[in-house]
There are 4 protein chains.
Amino acid sequence: MSVQAKNTRERLIEAAKKVFSEKGFFESHISHIIEEAGTARGTFYIYFESKEEIFKEILKGIVEELKRRIKPVNVKEDPIDQIVRNIERILDFAVEERELSKIILFRSYDTSFSTIVDEFFKEVTEMVKTSLEKGILMGYLKPVNTEIIAQAMVGAVKEIMKNAIEKGNIDTYMVAKELVEFALGGLWDVKGRC
Amino acid sequence: MSVQAKNTRERLIEAAKKVFSEKGFFESHISHIIEEAGTARGTFYIYFESKEEIFKEILKGIVEELKRRIKPVNVKEDPIDQIVRNIERILDFAVEERELSKIILFRSYDTSFSTIVDEFFKEVTEMVKTSLEKGILMGYLKPVNTEIIAQAMVGAVKEIMKNAIEKGNIDTYMVAKELVEFALGGLWDVKGRC
Amino acid sequence: MSVQAKNTRERLIEAAKKVFSEKGFFESHISHIIEEAGTARGTFYIYFESKEEIFKEILKGIVEELKRRIKPVNVKEDPIDQIVRNIERILDFAVEERELSKIILFRSYDTSFSTIVDEFFKEVTEMVKTSLEKGILMGYLKPVNTEIIAQAMVGAVKEIMKNAIEKGNIDTYMVAKELVEFALGGLWDVKGRC
Amino acid sequence: MSVQAKNTRERLIEAAKKVFSEKGFFESHISHIIEEAGTARGTFYIYFESKEEIFKEILKGIVEELKRRIKPVNVKEDPIDQIVRNIERILDFAVEERELSKIILFRSYDTSFSTIVDEFFKEVTEMVKTSLEKGILMGYLKPVNTEIIAQAMVGAVKEIMKNAIEKGNIDTYMVAKELVEFALGGLWDVKGRC
DNA sequence: AATGAATGAGTGTTCATTCAT
DNA sequence: TATGAATGAACACTCATTCAT
């Protein structure tokens, strides 16, 4: 694959990301992508077998990047801060890569692709659940229904991501911190209660 | 409109709900709907102007039903219990009307329809935000960033709904209660802290 | 056939005339006709076998009426005046029955119907041709190419009819006279020529 | 646009001319045109946006060609001969381009297209009217009702055109001359009258 | 590698006609 | 007679994909 070719492929991917993020899978047409990329119709099919393929590649890229941003919590440092940082990095992705984030959070895609995204969120939910269980076992956390609470927490972050995409420039660290504090401390004002 | 006609229309709506919930808007075709309903092609167009129209009607129905299930919290009774009941009713919808719930939570639809659903969730978020502000003012709740927390809570319920749809028979009251307790009390085990 | 029935049939015919005159054959739909007539869909098919049939009936009615208005020229009275009167009556039809006239002069219809109208105009052309031949034989008229001139005269009247339909209230006798005088005397100003 | 493309487009136009001339606008279907042209369905839509578009293009072409054949009468040469030549060229069009002529003179088309053709004939009528007025002012022609006579003359030529289309090979110069002589001299045999 | 003209299966939609009530 | 719900063949148009150059 020559440099030129690599450029063409890259151009198509970038174009597709833009188009998919604006219109979703179904309302994006090959004509939109090649027009945006400035290539001919046939050129698209040199690099990609189908519309499905390029979409899947983009989708997998998004999921990989998101996974990369979630780092396992180690015991050497403050676990709470590590969780905040993980959420911060996820929100950063929403802000930095608005187009890509839109694709998985706002835009519609073929039922057959859902597994890719759903799988990812399920994995994350499982991770959170395991962490909660650990925290409970260690006596730090209340003995909650970990499955439910894990789902709730993932749903919460997703929704905040959506808002981050729309708002654009938010203080992701602050938001992540607020979220974690809320999850840990809850809403009750306990000042005078103990 | 005769009884027949009402039945036919109803049959088409029911068929469409099923088809849309399985395939989403784009991959659902008129042929699928009429086959499911057992009517002729032309019959569909007696009752609906287009595929868009019937989808919109179904979407609006879902949103209306969800709104109906969210009752304003009054001061005469325990507010916490009322919130739990609201969430319970929403989760009940996910369990009772799995197909309809799938449409708005899992399936893809035309960008032009998103507003209907998005508007609804924005309204709910706004409601939650206002409630939080009231609780803070009355000194019951901590002074949190109400916008962020409201979004987080709505996202949490959405995610739990998704799980309810998939799981099928869950104890919605218990789940709602768990969720509210988590939101109020947080995760920190405070037994020995005060 | 009861009186009621006759009324229904008549109502459908009148409605069809109006609709056909506005939209032509192809863009007129059964729904337009029954809406205008205030009958049910099925009622239409009690009285007419098809859209074609009712159109044909109307078309034939128009042609019959036009034929009725063209009276053979007799030798007892001034032949020129009789011709003027014939043309006047044709133009009167255009003015009195604008809708019907529109159908044959402006609106589009199925190729299979053209014969009905074309036949009529051909007959008229033949009549004019025969008259011209007679006039030439009797020495009143110049020895022209009767076929060409007959066609020209029929075409002239058709075009004047179209104008009569559009203008609405014109002095049809005057126009008919002007036309005949032109045909007989031509345009050359011969005042000083003989 | 490549040579191929131009050929394909041309082929479609030629096919459409043939089909439209045989069936009129409404009874011509895309399938007829592409079958005649020997292209695939989609190919049609590469070159034309819709059935309406290709029809309009053809219609406009006809009107343009007809306009091209009507040359303004100049004073340097015999005006009568120039008029004869104009009519001759119009009749030549009917003979040379029978298919195209059929489209505007015999075949049915959407009401929305009529303006294109009507406009043309109105323009021509206006031209004739102005010429008549000039002739009257210059004392060559009798003071007739120019509007009526102009219409009559246009209608006459239209009808002769129709005949030319059907007959096929006629002496267009002779017919044009006959027509003009008739218009100028009328039918009265004036041999013994002055 | 790159092009872009050509393809054709597949969509939504229309509308004259039928028929049970 | 009258109704109007139901029918389905037929139509214009779309768009992912192919392939000769």
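Treat the numbers as computed from the prediction; the structure is a model and nothing was measured.
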Participant: Write down the distance between CG (D:Leu12) and C1' (E:dT7), rounded to a whole number of angstrom.
Facilitator: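 My rounded result for the distance is 13 Å.
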
Participant: Between D:His29 and D:His32, is any pair of side-chain heavy atoms under 4.5 Å apart?
Facilitator: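 Side-chain contact under 4.5 Å: yes.
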
Participant: Is there a side-chain contact between C:Lys67 and C:Glu64 (heavy atoms, below 4.5 Å)?
Facilitator: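 Result no, sub-4.5 Å side-chain heavy-atom pair not found.
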
Participant: Rounded to whole Å, how long is the line connecting atom CG of C:Asp110 with atom P of E:dA16?
Facilitator: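 Going from C:Asp110 (CG) to E:dA16 (P), I get 13 Å.
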
Participant: What pairs of residues pass the salt bridge (Lys or Arg N to Asp or Glu O under 4.0 Å) test when at least one of them lies in residues 42-52 of chain B, not counting sequence neighbours?
Facilitator: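 Passing the test, one end in residues 42-52 of chain B: no pairs.
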
Participant: With respect to the phosphate group of E:dA5, does any side-chain polar atom (N or O) of D:Tyr47 fall under 4.0 Å of OP1 or OP2?
Facilitator: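 No.
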
Participant: Nearest-Å distance, CD1 (C:Ile46) to P (E:dA20)?
Facilitator: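 Checked: the CD1 to P distance equals 15 Å.
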
Participant: Specify whether C:Phe48 and C:Phe44 have parallel, tilted or perpendicular ring planes, treating 30° as the upper limit for parallel and 60° as the lower limit for perpendicular.
Facilitator: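 The rings of C:Phe48 and C:Phe44 sit tilted, inter-plane angle from 30° to 60°.
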
Participant: If I take atom CD1 in residue D:Ile34 and atom P in nucleotide E:dG8, what distance separates them, rounded to the nearest angstrom?
Facilitator: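 Taking atom P of E:dG8 as the reference, CD1 of D:Ile34 is at 10 Å.
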
Participant: Just list the side-chain donor-acceptor pairs under 3.5 Å for residues 54-61 of chain A, sequence neighbours left out, or say none.
Facilitator:
{"residue": "A:Glu57", "atom": "OE1", "partner": "A:Arg9", "partner atom": "NH2", "Å": "3.0"}
{"residue": "A:Glu57", "atom": "OE2", "partner": "A:Arg9", "partner atom": "NH1", "Å": "2.9"}

Participant: Is it true that B:Lys122 and B:Glu119 make a salt bridge, defined as a side-chain N closer than 4.0 Å to a carboxylate O?
Facilitator: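 Not counted as a salt bridge, because no side-chain N and carboxylate O are separated by less than 4.0 Å.
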
Participant: Could you state the atom-to-atom distance from CG of C:Asn7 to P of F:dT1 in whole Å?
Facilitator: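 In whole Å, F:dT1 P lies 12 Å from C:Asn7 CG.
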
Participant: If I take atom CD in residue D:Glu10 and atom P in nucleotide E:dA5, what distance separates them, rounded to the nearest angstrom?
Facilitator: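 Rounding to the nearest Å, CD of D:Glu10 and P of E:dA5 are 16 Å apart.
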
Participant: Measuring only between side-chain heavy atoms, which start at C-beta, is A:Lys18 closer than 4.5 Å to A:Glu22?
Facilitator: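 Contact flag for A:Lys18/A:Glu22 side chains = yes.
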
Participant: Under a cut-off of 3.5 Å for both distances of each Watson-Crick or G-U pair, what dot-bracket string does DNA chain E give, using [ ] for crossing pairs and | for inter-strand pairs?
Facilitator: .||||||||||||||||||||

Participant: For a quick check, with a 4.0 angstrom heavy-atom cut-off, what is the B/S/- contact string for nucleotides 8-13 of chain F, read 5' to 3'?
Facilitator: BB-SBB

Participant: Report yes if a side-chain nitrogen or oxygen of D:Thr8 is closer than 4.0 Å to either non-bridging phosphate oxygen (OP1 or OP2) of E:dA6; otherwise report no.
Facilitator: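 Yes, because at least one side-chain N or O of D:Thr8 sits under 4.0 Å from OP1 or OP2 of E:dA6.
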
Participant: In residues 97-110 of chain C, what donor-acceptor pairs under 3.5 Å come from side-chain atoms, sequence neighbours left out?
Facilitator:
{"residue": "C:Arg98", "atom": "NE", "partner": "C:Ile165", "partner atom": "O", "Å": "2.9"}
{"residue": "C:Arg98", "atom": "NH2", "partner": "C:Ile165", "partner atom": "O", "Å": "3.2"}
{"residue": "C:Ser101", "atom": "OG", "partner": "C:Glu97", "partner atom": "O", "Å": "2.8"}
{"residue": "C:Arg107", "atom": "NE", "partner": "C:Ser21", "partner atom": "O", "Å": "2.6"}
{"residue": "C:Asp110", "atom": "OD1", "partner": "C:Ser112", "partner atom": "N", "Å": "2.7"}
{"residue": "C:Asp110", "atom": "OD1", "partner": "C:Ser112", "partner atom": "OG", "Å": "2.7"}

Participant: Output all residues satisfying side-chain hydrogen bond (donor to acceptor under 3.5 Å, both in side chains) with B:Thr111, sequence neighbours left out; order by chain, then residue number.
Facilitator: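 A:Glu27.
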
Participant: Quickly work out the D:Glu53 CD to F:dT14 P distance and round it to whole Å.
Facilitator: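 Taking atom P of F:dT14 as the reference, CD of D:Glu53 is at 12 Å.
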
Participant: Round to a whole Å and report the spacing from CD1 of B:Ile33 to C1' of E:dT11.
Facilitator: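 Whole-Å distance recorded here is 13 Å.
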
